[in-house]
Amino acid sequence: MTESPDEIEPAPTVLGLTKLTKGETAMVDLADGASWINRNVEVVTNYLTKEFETFAITYHADSPRTHTFTANNGKKIFKLIIGWPTLADRTFTPETITRLLTEDVAQEMRLHGENGYHWTPST
């Protein structure tokens, strides 16, 4: 028995991801996906904390579009914007996030300022 899309009702969200409560789509393990994203967010936050030592680092999820990290010291604001699929991608492990260093993301954030640096990791 196949349900029509009209019969799927959204339930509460985890990091902005809608859990579907009906049909086969309910088998998707979104909680595990959220923990995967949370680990990647933590690694990015740790990187930014080291790069912007005197700044407060905040994080905002605008799912399913972007993850926005903001470094703010009260005088200057720098933003890092990463597409939602990047941090949700299971092949994008904390080890591969070291690309933040090799691609000098903090410097790019300084150049782009409040407008934000949209980072897409090189392949």
Side-chain angles (χ1 to χ4, degrees):
M1 177 176 173
T2 305
E3 296 181 2
S4 71
D6 297 35
E7 296 173 348
I8 298 175
E9 299 171 12
T13 61
V14 176
L15 277 181
L17 295 172
T18 301
K19 288 184 179 180
L20 300 177
T21 58
K22 294 184 178 180
E24 295 296 319
T25 55
M27 296 175 65
V28 176
D29 186 2
L30 294 176
D32 183 47
S35 67
W36 183 266
I37 292 169
N38 286 338
R39 283 191 298 268
N40 286 337
V41 165
E42 183 178 352
V43 172
V44 173
T45 301
N46 290 341
Y47 164 77
L48 294 175
T49 300
K50 290 176 187 173
E51 292 292 324
F52 297 93
E53 292 178 358
T54 61
F55 288 70
I57 307 298
T58 58
Y59 165 75
H60 173 74
D62 180 20
S63 76
R65 297 176 11 180
T66 61
H67 301 271
T68 302
F69 300 85
T70 304
N72 185 345
N73 72 353
K75 296 178 184 175
K76 294 181 181 179
I77 297 174
F78 304 109
K79 291 184 181 180
L80 171 63
I81 302 155
I82 302 175
W84 188 271
T86 300
L87 295 187
D89 184 351
R90 291 199 178 269
T91 64
F92 194 72
T93 64
E95 292 77 27
T96 58
I97 293 179
T98 58
R99 293 180 191 163
L100 290 164
L101 289 168
T102 59
E103 296 180 15
D104 207 3
V105 169
Q107 182 59 30
E108 291 293 334
M109 288 173 64
R110 289 178 182 97
L111 293 172
H112 289 83
E114 289 185 40
N115 293 328
Y117 174 57
H118 295 259
W119 181 58
T120 303
S122 62
T123 53

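Numbering of residues begins at 1 and proceeds along the displayed sequence.
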Work out which heavy atom in Pro64 is nearest to a heavy atom in Pro85; give both atom names and the distance.
O-CD, 4.5 Å

In short, Ile37 meets His67 closest at the heavy-atom pair CG2-CE1, 3.6 Å

Apply side-chain contact (heavy atoms from CB on, under 4.5 Å) to Trp36 and Asp89, showing your working.
CA-CA 9 Å; Trp36 183 266; Asp89 184 351; 5.9 Å; no

Using a 3.5 Å cut-off and no angle test, enumerate the donor-acceptor pairs between side-chain atoms of residues 68-81 and protein atoms at least two apart in sequence or in another chain.
unit_1	atom_1	unit_2	atom_2	d
Asn72	OD1	Gly74	N	2.6
Asn73	OD1	Lys75	N	2.8
Asn73	OD1	Lys76	N	2.7

For residues 42-62, pull every pair meeting salt bridge (charged side-chain N to carboxylate O under 4.0 Å, His left out), keeping only residues two or more places apart or in separate chains.
Asp62-Arg65

So CE of Met109 and CG of Leu48: to nearest 0.5 Å the spacing works out to 5.0 Å

Give the cluster check for Leu111 versus Tyr47: same hydrophobic cluster or not, with ILVMFWY residues linked at side-chain heavy-atom distances below 4.5 Å.
no

Only residue of Thr86, Ile82, Leu100 satisfying side chain to side chain contact (heavy atoms under 4.5 Å, CB included) with Pro121 is Thr86

Under 3.5 Å donor-acceptor, Tyr59 side chain and Val44 backbone:
no

Between Trp119 and Glu108, do the side chains contain a donor N or O and an acceptor N or O under 3.5 Å apart?
no

Across all chains, not counting sequence neighbours, the side chain to side chain contact (heavy atoms under 4.5 Å, CB included) partners of Asp104 are Gln107

Taking ring pair (Phe, Tyr, Trp, His ring centres under 6.0 Å) as the definition, give me every residue that meets it alongside His112, ordered by chain and number, with sequence neighbours left out.
Tyr117

